[in-house]
2 protein chains.
Amino acid sequence: MTVTIKDIAKVAGVSYSTVSKALNNSPLVKEATKRKILKVAEEMGYEPNLAAKQLVRKRTDVIGLMWPTIERIVLATLVTNISKAFENTSYSMILSVDSQETAMETFKKFQVDGMIIFGESNEVSITQDPIPFVVYGVSGKNETSYPIIDANHEASMQKAVKHLYELGHRNITYIGQFDTKDALQLEKVEGYEKAMKQFGLEKYKQIIDSKGLNWFDGYTAVEKVLQNEGQQPTAIIGGSYDISGGIMRALTEKGISIPNDISLVSYDNIPQMATTEVPMTCIGVPVDVLAEEIVHAIIERIESEERVELVKKLSPTLTARESSGPPRIQ
Amino acid sequence: MTVTIKDIAKVAGVSYSTVSKALNNSPLVKEATKRKILKVAEEMGYEPNLAAKQLVRKRTDVIGLMWPTIERIVLATLVTNISKAFENTSYSMILSVDSQETAMETFKKFQVDGMIIFGESNEVSITQDPIPFVVYGVSGKNETSYPIIDANHEASMQKAVKHLYELGHRNITYIGQFDTKDALQLEKVEGYEKAMKQFGLEKYKQIIDSKGLNWFDGYTAVEKVLQNEGQQPTAIIGGSYDISGGIMRALTEKGISIPNDISLVSYDNIPQMATTEVPMTCIGVPVDVLAEEIVHAIIERIESEERVELVKKLSPTLTARESSGPPRIQ
DNA sequence: CATAAAAATAACAACGTTGTTATTTTATTT
DNA sequence: AAATAAAATAACAACGTTGTTATTTTTATG
């Protein structure tokens, strides 16, 4: 049989309500009795019953994370980080890999206190719902009814271009996906364009569509760059971790040295960037920071009554590594 | 306020215990009243309270899945399929991406009825535990104390070699990872070796270490194959979906036609195999079957008292597609 | 048409907590 | 040392279900 507070009460010689208070460290019970009860509980291997607690407290201290696209390494890393970030809180996290509707049902059933939704391309279709939630995604132009954590892709690209510009680069090419509905990707391209304009580099602007976000997409895109007669870039910005990995590989295979011949800067700020063939300079909100912010946001949304800033744009960080350097003197 | 069975009872003009029975479709309540109650419940938007139910029933109808490595596409597909498989059962599934210990804690807290553990390389360290579980992994030589679902990698390789042999191939090379503790991978290599021996092809045996399971690992391994003077294979077996994708790409880039110059068969039987550049012949337990078996196994483990077969070896299926065909006549 | 049997419904005690109220014990004051 | 205030503990009603037992209603039987 499992041990309940009543069992503890019997052994400790107190009432079970006192046990409850002691276990919750209530100031209403004397230190000495607290210690005694805690000791007994420990000895008996007491494990609180979540269901019973939940039944009276009307909350679970659990957050549900909806994760429809399960295959991208960067998102996987983010999920892992979010999970880790919850460890320092009183909440735990469960995951659903189902569709938004099915996931919603599961979370409703579990009566999670809040939800984290990965926005990506698909619009969030939950307007008025009892469960508080936050979205990780793009804030866009039009206002929202729900809170959004925005990694600020535009500012990232701006920083990337700035970094390269200050190193002396002018011929900066962007490789990324843009034949997509994924607002995240589109913002990156726009950010690049704006930044190039800002630094007066419009005539050097070159955007290569990788037609995807994977390793191979970056790998093949390099061909397109090299085929372009005349305007060869001295620096490339890759639109995602995987894309940049492919770019790096392709360049290396062709005997093009990074960063001596071409500098490479990647979007996505994850630890894995440090362990690429050539350690990669990258921009983006560091994934652990991003995770912290998301966790913070949902908890605040749950616990605080105020509904102030709906959109939280985070500041990206540039982490300089070996893949970027000054251009060769021509 | 949320509606409870007492609210429904009041509106329907019956006692709440009758409502409970009606909602559980008990034969103890008249069809007519059942219908009436169900209608009222529907109208009032009743949602059962899992915590209350759990408190009295002592079970959650929830299974926890431990998923330590979230980055491999094949495992991701498997998880998605398992999740789908649960939809036809009375159970739902939650996921944890934490370490085995942390995940265990979460699952204990939730009082899941059972757990699914992805064995992979790491030994399962839960010997005597109150929560029933099954492991997806390799059964190995020594017996276990816990039930294992084994996809039977050896038999897969055997089938792959047989398929190619019967098409007329002799020179069959295996590309996969084997400098690893991952028992799954090692079994594949052993399976290949045994099969080659069985068909008298020992002198053609060639094993290339991909040093990894990813796209790029397969891609680069092709170089090693082609560098080998003399013994050029007419067929290649790739050790995983990603590896084979890389192999396919590398071959195509070098102008080597699949399957005219070289046939390619891949391990891993997932739907994505049909949509590679050249649709891929593959072997392995189809991922939906595998998911079904895993789900079946854990449910049986929970619901049935008998403890019969601990190890369940599944039969792999060969799905022939365009990437394999008879060798060119020399 | 009374009566027993069967069917349908109602009543109520669990389940393991929390939080509020009531009671007892201890400390403080006169 | 009695009266009172404060501190500590005990008692008990929730929370929303299920399942068992008790009661009422309906149906079958002689």
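When reading the values below, keep in mind they use all heavy atoms of this one structure, side chains included, and skip hydrogens, waters and symmetry mates.
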Where do N or O atoms of nucleotides 21-28 of chain D meet protein N or O atoms at under 3.5 Å, pair by pair?
none

Legend entry - Earlier contact from the 5' end, DNA chain C, for B/Pro27 and A/Asn24: B/Pro27

Inset, instruction - Could you tell me whether the side chains of A/Glu47 and A/Thr2 share a donor-acceptor contact shorter than 3.5 Å? - result: no

Inset, instruction - Please round to the nearest 0.5 Å and tell me the distance separating atom OG1 of A/Thr80 and atom CG of A/Asp288. - result: 12.5 Å

Inset, instruction - Establish, with yes or no, whether the OP1 or OP2 oxygen of C/dT9 is under 4.0 angstrom from a side-chain nitrogen or oxygen of B/Thr33. - result: yes

Inset, instruction - Go through the structure and list residues passing side chain to side chain donor-acceptor pair (under 3.5 Å) with B/Thr106, not counting sequence neighbours. - result: none

Legend entry - Under-3.5 Å donor-acceptor pair between B/Ser17 side chain and C/dA11 base: yes

Inset, instruction - Can you sort out the partners of B/Glu292 under salt bridge (Lys or Arg N to Asp or Glu O under 4.0 Å), two or more places apart, ordered by chain and number? - result: none

Inset, instruction - Ignoring backbone atoms, test whether B/Tyr46 places a side-chain nitrogen or oxygen under 4.0 Å from the OP1 or OP2 oxygen of D/dT17. - result: yes

Legend entry - Nearest-0.5 Å distance, CD of residue A/Glu187 to CD of residue A/Gln185: 10.0 Å

Legend entry - Distance in angstrom units between B/Ile5 CD1 and C/dC12 P, rounded: 15 Å

Inset, instruction - Would you tell me whether A/Ser17 and A/Ser20 have side-chain atoms, one donor and one acceptor, within less than 3.5 Å of each other? - result: no

Inset, instruction - Would you work out how much the helix from C/dC1-D/dG30 to C/dT30-D/dA1 bends between its ends, with each end axis defined by five base pairs, to 10 degrees? - result: 50°

Inset, instruction - Select base, sugar-phosphate, or nothing to describe what B/Thr4 touches, counting heavy atoms under 4.0 Å on all strands. - result: sugar-phosphate

Inset, instruction - Sequence neighbours left out, what passes salt bridge (Lys or Arg N to Asp or Glu O under 4.0 Å) with B/Glu42? Give chain and number order. - result: none

Inset, instruction - Name the residue closer to the 5' end of DNA chain C, choosing between B/Leu55 and B/Val14 according to the nucleotide with the nearest heavy atom. - result: B/Val14

Legend entry - For atom CD1 of B/Ile8 and atom P of D/dG16, their distance in whole Å: 12 Å

Inset, instruction - Using whole Å, report how far CZ of B/Arg57 lies from P of D/dG16. - result: 18 Å

Inset, instruction - Measure the distance from CG on B/Asp7 to P on D/dC15 and round it to the nearest whole Å. - result: 10 Å

Inset, instruction - Could you tell me the separation between the NZ atom of B/Lys6 and the P atom of C/dA11, rounded to a whole number of Å? - result: 12 Å

For residues 86-93 of chain B, run the donor-acceptor check on the side chains, cut-off 3.5 Å, and write out each pair with its distance to 0.1 Å, sequence neighbours left out.
residue: B/Thr89; atom: OG1; partner: B/Phe86; partner atom: O; Å: 2.7
residue: B/Thr89; atom: OG1; partner: B/Tyr91; partner atom: N; Å: 3.0
residue: B/Thr89; atom: OG1; partner: B/Tyr91; partner atom: O; Å: 3.4
residue: B/Tyr91; atom: OH; partner: B/Arg59; partner atom: NH2; Å: 3.1
residue: B/Tyr91; atom: OH; partner: B/Glu303; partner atom: OE2; Å: 2.7
residue: B/Ser92; atom: OG; partner: A/Lys109; partner atom: NZ; Å: 2.6

Inset, instruction - Using the six-membered ring wherever Trp is involved, compare the ring planes of B/Tyr146 and B/Phe133 and label them parallel, tilted or perpendicular (cut-offs 30° and 60°). - result: tilted

Inset, instruction - Please report, rounded to the nearest Å, how far the P atom of C/dA8 is from the CG atom of B/Asn25. - result: 14 Å

Inset, instruction - Specify the separation, in whole Å, of atom OH of B/Tyr16 and atom C1' of C/dC12. - result: 6 Å

Legend entry - Side chain of B/Val56 - closest among C/dT17, C/dC15, C/dA10: C/dC15

Inset, instruction - Rounded to the nearest angstrom, tell me the gap between atom CD1 in B/Ile37 and atom P in C/dA8. - result: 13 Å

Legend entry - Proximal nucleotide (of C/dC12, C/dG16, D/dA10) relative to the B/Lys58 side chain: C/dG16

Inset, instruction - Would you mind telling me which of D/dG16, C/dT9, D/dT9 lies closest to the side-chain atoms of B/Thr18? - result: C/dT9

Legend entry - A/Ile294 side, atom CD1; A/Asn81 side, atom CG - distance, nearest 0.5 Å: 9.5 Å

Legend entry - Closest to side chain of B/Ser15, choosing from D/dT9, C/dA11, C/dG16: C/dA11

